[in-house]
*Asks:* 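Structure provided below as structure tokens; questions to follow.
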Amino acid sequence: MLDKIEELVEDEAGFEVQKRSRRLRVGLPCSPLSLIFEETPSDDVFMALHCSALRIFNGDRTDLHDVCSWLAASFLRWLGITSSALIDIEHPATMIPAELYGRYLIPSQPEGYVLAPSDAGLHLARDMIGYLAMFEHAAHTHTSFWHPKFESALEPTHDYDAARSEADDWAQDLASLLGDRASRDDIYTQRPSAGWFYYRTTDGAIAVVESKQLVDFLELLGTAPDEEIAGINGFLYTGKSFDNFIPRDALKIADRIFRQDGTLAASSCPAAEATVVPLENGVILAKGHRAILLRHDTGVAGFARERSLVLERNRLEQERLFPPSEFTWTDEVDGGRFERLIYDLLECEPGVHEVRAIGSSREGDGGRDLVVSWVTPPMPGEAIRQGLTPARERRIIIQCKARKRSVGRSDLGGGILDTLFIYQAEGYFLATSSQPAVAVIDLLEEVQRRGDYFTGWWGRTEIEQRLRRHPQILKRYADIVRPAP
């Protein structure tokens with residue numbers, strides 16, 4: 001399939017291809033952004049954007065990697081193409097926590113990061129190359145720092161070198177606003193040719209850019225206020241086929257950085273007060289001359305937790321967030337048939353290499369029903385070492401639960417970590433005919449934090465989304481689920 005993708009690049013003026021083994025890099029030679037296409041063991045193709053200014057700019061490039069990836073992720077979300085996860089690449093030499101050697105943008109919603117070796121996968125690759133070309137044009141039009149003009153084609157320009165001396169006062173003022181979130185190991189700089197000041201905390205949780213030009217560009221890409229729904233602990237975003245969440249705690253930090261007295265946190269519609277761009281593992285906010293990236297669980301998991309709280313609290317909000325189902329499920333879903341349904345859906349899932357059943361659905365199976373080999377993205381907060389691919393195939397235990405009510409922690413049987421250890425698995429995935437309770441979502445995230453494990457789930461909503469895509473599977477399970485009359 002890589003050969004066919006390489007042929008697509010010929011239609012995009014100025015784009016070049018670098019080919020190495022089972023990997024393609026596609027992009028403009030004068031841009032820090034490129035598309036990565038890499039074949040997986042299952043012959044699917046892993047796709048991601050890669051941001052690296054090493055070939056173009058001199059000196060420390062952390063600020064450039066941050067800003068360029070912000071703009072690309074915001075543009076793709078604004079187009080309705082994908083909600084991306086920002087995955088940092090550690091510097092191989094300095095190992096300074098706050099320093100960015102580069103960054104991956106992993107497409108997460110709605111299609112994901114794995115392309116099937118089919119016409120449909122090739123169509124998505126062609127579209128993504130076209131969207132990258134659209135972004136390059138937009139960035140070149142709206143910013144002065146994109147596509148610098150070189151005096152020599154062989155040497156990067158020195159006009160983009162970072163200068164720190166004039167940034168001291170600005171950084172000290174910003175650190176005072178951050179309070180205990182700041183530390184002496186934070187990094188900051190001034191880049192005069194780009195017209196900005198830059199600050200990043202050592203844990204990478206907060207980054208700030210002072211630039212009117214950047215804010216003006218981001219304002220064009222912000223989320224529309226009508227995408228926002230007020231929740232319990234923050235705001236849900238459901239527009240453009242993406243599910244995102246922004247906690248009020250993040251808005252409180254933004255208020256401090258913007259020097260305003262709780263305007264965003266107290267607002268009923270933050271997107272009307274500032275530019276808001278929620279991603280999978282962070283949110284970009286911009287106002288005045290200042291743009292901010294705050295790392296939070298703002299993707300599907302954060303959205304699902306907040307949605308569950310809303311569901312429990314208010315039936316009216318339930319009707320807005322959960323429209324009537326297009327499917328009818330039997331009152332008592334047979335566990336064996338449900339497990340087989342999940343088996344068939346997993347076989348069609350991009351990135352899944354192998355699915356095997358373990359024992360009977362009615363046996364005491366130690367908390368696992370299926371085991372799969374699944375190509376997964378990096379976990380939130382996981383950094384990628386330079387030279388390593390962000391795509392990783394993991395052995396994942398699948399537990400299937402056919403339930404009327406929400407699945408609670410007591411329904412999961414033995415400890416998840418014990419199950420992972422006993423079966424030498426690298427991930428745990430729950431599939432339920434209802435939905436996971438908030439306590440279960442919290443537990444899965446805790447397991448993820450306590451080790452290098454992948455965790456995830458499908459509830460009824462996620463299963464129905466896949467049944468729409470695979471009507472041939474739906475027909476085989478009319479005894480448990482069928483289209484609503």
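Heavy atoms only: backbone and side chains are in, while hydrogens, waters and symmetry mates are out. Quick caveat: nothing in here was measured; it's all calculated off a predicted structure.
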*Asks:* Apply side chain to side chain donor-acceptor pair (under 3.5 Å) to residues Tyr101 and Glu90 and explain how you reach the verdict.
*Replies:* CA-CA 5 Å; Tyr101 194 69; Glu90 295 177 339; over 6 Å; no
*Asks:* Mind running side chain to side chain contact (heavy atoms under 4.5 Å, CB included) on Phe429 and Thr455 for me, showing each step along the way?
*Replies:* CA-CA 6 Å; Phe429 194 89; Thr455 61; over 6 Å; no
*Asks:* Tell me if the NZ atom of Lys19 is crowded by more than 12 foreign heavy atoms within 6.0 Å.
*Replies:*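 Yes, because the 6.0 Å sphere around NZ of Lys19 holds more than 12 heavy atoms from other groups.
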*Asks:* Please report the shortest heavy-atom distance between His65 and Leu100, naming the atom on each side.
*Replies:* ND1-O, 3.0 Å
*Asks:* Take Arg395 and Glu426 through the salt bridge (charged side-chain N to carboxylate O under 4.0 Å, His left out) test and state the conclusion after the steps.
*Replies:* CA-CA 5 Å; Arg395 173 183 167 91; Glu426 300 170 279; over 6 Å; no
*Asks:* To the closest 0.5 Å, what do you measure between CG (Asp344) and CG (Leu474)?
*Replies:* 12.0 Å
*Asks:* If you define the side chain from C-beta out and look only at heavy atoms, does anything of Val45 sit under 4.5 Å from Thr40?
*Replies:*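 Sidechains of Thr40 and Val45: no contact.
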*Asks:* Quick one: does any side-chain atom of Glu306 pair with a main-chain N or O of Asn233 as donor and acceptor, under 3.5 Å?
*Replies:* yes
*Asks:* Mind running side chain to side chain donor-acceptor pair (under 3.5 Å) on Asp243 and Tyr237 for me, showing each step along the way?
*Replies:* CA-CA 6 Å; Asp243 292 336; Tyr237 297 81; over 6 Å; no
*Asks:* Evaluate whether atom CZ of Arg466 has more than 12 neighbouring non-hydrogen atoms of other residues, nucleotides or ligands under 6.0 angstrom away.
*Replies:*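 More than 12 within 6.0 Å, yes.
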*Asks:* Would you sort out whether Phe327 and Ile463 count as a side chain to side chain contact (heavy atoms under 4.5 Å, CB included), showing the intermediate values?
*Replies:* CA-CA 11 Å; Phe327 299 88; Ile463 293 171; over 6 Å; no
*Asks:* By side chain to side chain donor-acceptor pair (under 3.5 Å), which residues pair with Ser373, not counting sequence neighbours?
*Replies:* none
*Asks:* Check whether any side-chain heavy atom of Met134 sits under 4.5 Å from a side-chain heavy atom of Phe75, and report yes or no.
*Replies:*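 Side-chain contact under 4.5 Å: yes.
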*Asks:* Is the shortest heavy-atom distance from the side chain of Leu35 to the side chain of Ile129 under 4.5 Å?
*Replies:*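 In contact.
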*Asks:* Less than 3.5 Å apart, any donor N or O on the side chain of Asp185 or Ser183 sitting next to an acceptor on the other?
*Replies:* no
*Asks:* Which of these, Ile284, Ile106, Leu105, Leu49, sits in a side chain to side chain contact (heavy atoms under 4.5 Å, CB included) with Leu86?
*Replies:*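 Checked Ile284, Ile106, Leu105, Leu49 against Leu86; only one passes side chain to side chain contact (heavy atoms under 4.5 Å, CB included): Leu105.
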*Asks:* Can you confirm whether the side chains of Tyr343 and Asp369 place a donor and an acceptor under 3.5 Å from each other?
*Replies:*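 Absent: no donor and acceptor within the cut-off.
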*Asks:* Are Ile87 and Arg103 close enough, and set up right, to give a side chain to side chain contact (heavy atoms under 4.5 Å, CB included), and what steps lead you there?
*Replies:* CA-CA 6 Å; Ile87 306 299; Arg103 178 172 277 162; 5.7 Å; no
*Asks:* What's the shortest heavy-atom distance between Gly121 and Met1, and which atoms?
*Replies:*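 In terms of heavy atoms, the two residues are closest at C-CE, 3.4 Å.
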*Asks:* Does any non-hydrogen side-chain atom of Glu464 lie less than 4.5 Å from one of Trp329?
*Replies:*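 SC-SC contact between Trp329 and Glu464 confirmed.
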*Asks:* Quick check against the 3.5 Å criterion: does Thr298 have a side-chain atom that pairs as donor or acceptor with the backbone of Asn244?
*Replies:* no
*Asks:* Could you check Glu280 against Ser83 for side chain to side chain donor-acceptor pair (under 3.5 Å), going step by step and ending with a plain yes or no?
*Replies:* CA-CA 6 Å; Glu280 290 302 290; Ser83 175; 2.6 Å; yes
*Asks:* Give a yes/no verdict on a cation-pi contact between Arg307 and Phe303, requiring under 6.0 Å between NZ or CZ and the six-membered ring centre and an angle within 45° of the axis.
*Replies:*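 No, cation not above the ring by the 6.0 Å, 45° rule.
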*Asks:* Regarding Arg126 and Asp119, does a basic nitrogen lie under 4.0 Å from an acidic carboxylate oxygen?
*Replies:*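 Judged by the 4.0 Å cut-off on N to carboxylate O distance, Arg126 and Asp119 do not form a salt bridge.
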*Asks:* Any donor-acceptor pair under 3.5 Å linking the side chain of Glu462 with the backbone of Gly459?
*Replies:* yes
*Asks:* Counting only heavy atoms not in Asp479, do more than 12 sit closer than 6.0 Å to its CG atom?
*Replies:* yes
*Asks:* Taking it one step at a time, do Arg340 and Asp334 satisfy salt bridge (charged side-chain N to carboxylate O under 4.0 Å, His left out)?
*Replies:* CA-CA 10 Å; Arg340 187 65 204 183; Asp334 179 80; over 6 Å; no
*Asks:* Salt bridge between Arg77 and Glu227, side-chain N to carboxylate O under 4.0 Å?
*Replies:*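 Salt bridge: yes.
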*Asks:* Does CZ in Arg20 sit with more than 12 non-hydrogen atoms of other residues, nucleotides or ligands closer than 6.0 Å?
*Replies:* no
*Asks:* Backbone N or O of Leu33 within a donor-acceptor pair of the Ser31 side chain at under 3.5 Å?
*Replies:*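 Confirmed, Ser31 side chain pairs with Leu33 backbone.
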*Asks:* Would you name the heavy atoms of Ala207 and Asp66 that are closest together and state the gap between them?
*Replies:*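 So the minimum-distance heavy-atom pair works out to CB-OD2, 3.3 Å.
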*Asks:* Mind listing the closest non-hydrogen atom pair of Ile384 and Pro378 along with its distance?
*Replies:*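 Taking Ile384 first and Pro378 second, the nearest heavy atoms are CD1-CG, 3.7 Å.
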*Asks:* Taking all heavy atoms of Ser74 and all of Leu221, pick out the closest pair and write down the distance.
*Replies:* CB-CD1, 3.8 Å
*Asks:* Determine yes or no for a side-chain-to-main-chain donor-acceptor pair under 3.5 angstrom, with Asp186 supplying the side chain and Thr202 the backbone.
*Replies:*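 Flag set: sc Asp186 to bb Thr202 pair under 3.5 Å.
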*Asks:* Can you confirm if the aromatic rings of Tyr113 and Phe46 lie within a centre distance of less than 6.0 Å?
*Replies:*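 For Phe46 and Tyr113, the ring centres are under 6.0 Å apart.
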*Asks:* Should Thr223 and Pro278 count as side-chain neighbours, where that means a heavy-atom distance under 4.5 Å?
*Replies:*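 The answer is yes, as the side chains (C-beta and beyond) meet within the 4.5 Å cut-off.
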*Asks:* I'd like to check Leu345 versus Ile473 (side-chain heavy atoms, cut-off strictly below 4.5 Å). Are they in contact?
*Replies:*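 Sidechains of Ile473 and Leu345: in contact.
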*Asks:* Main chain of Trp78, side chain of Lys240: is a donor-acceptor contact present, judged purely on distance under 3.5 Å?
*Replies:*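 A pair under 3.5 Å: yes.
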*Asks:* Using modelled atom types only, decide if a donor and an acceptor are shared between the side chain of Tyr104 and the backbone of Ile36 within a distance under 3.5 Å.
*Replies:* no
*Asks:* Go through Arg305 and Asp297 one step at a time and tell me if the side chain to side chain contact (heavy atoms under 4.5 Å, CB included) criterion holds.
*Replies:* CA-CA 10 Å; Arg305 186 189 305 106; Asp297 184 6; 3.6 Å; yes
*Asks:* In Å, rounded to the nearest 0.5 Å, how long is the span from CD of Glu393 to CG of Asp44?
*Replies:*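 One finds 10.0 Å between CD of Glu393 and CG of Asp44.
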*Asks:* State, with a plain yes or no, whether a side-chain heavy atom of Trp457 is found less than 4.5 Å away from one of Thr432.
*Replies:*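 No, too far: nothing below the 4.5 Å cut-off.
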*Asks:* Does the Thr82 side chain pair with the main chain of Gln109, one donor and one acceptor, at a distance under 3.5 Å?
*Replies:* yes
*Asks:* Within the side chain of Lys401, is there an N or O that forms a donor-acceptor pair under 3.5 Å with the backbone of Leu430?
*Replies:*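 Pair absent, no side-chain N/O of Lys401 close to backbone of Leu430.
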*Asks:* For salt bridge (charged side-chain N to carboxylate O under 4.0 Å, His left out), just list the numbers for Arg23 and Glu39, CA-CA rounded to whole Å, side-chain angles, deciding distance to a tenth of an Å, and then say yes or no.
*Replies:* CA-CA 7 Å; Arg23 180 183 176 106; Glu39 286 185 337; over 6 Å; no
*Asks:* Tell me whether Gln472 at atom CD has more than 12 heavy atoms from other residues, nucleotides or ligands lying less than 6.0 Å away.
*Replies:* yes
*Asks:* Flag the pair Leu71 / Leu214 as yes when at least one side-chain heavy-atom distance between them is below 4.5 Å, and no otherwise.
*Replies:* yes
*Asks:* Between Ala402 and Gly335, which heavy-atom pair has the shortest distance, and what is it?
*Replies:*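 Scanning both residues, the minimum pair turns out to be CB-CA, 4.2 Å.
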*Asks:* Take Arg392 and Thr376 through the side chain to side chain donor-acceptor pair (under 3.5 Å) test and state the conclusion after the steps.
*Replies:* CA-CA 6 Å; Arg392 175 177 171 183; Thr376 65; over 6 Å; no
*Asks:* Is there a salt bridge (charged side-chain N to carboxylate O under 4.0 Å, His left out) between Asp63 and Arg200? Walk through the geometry before answering.
*Replies:* CA-CA 8 Å; Asp63 58 324; Arg200 189 171 194 251; over 6 Å; no
*Asks:* Output yes when a side-chain donor or acceptor of Arg25 lies under 3.5 Å from a complementary backbone atom of Gln18, and no otherwise.
*Replies:* no
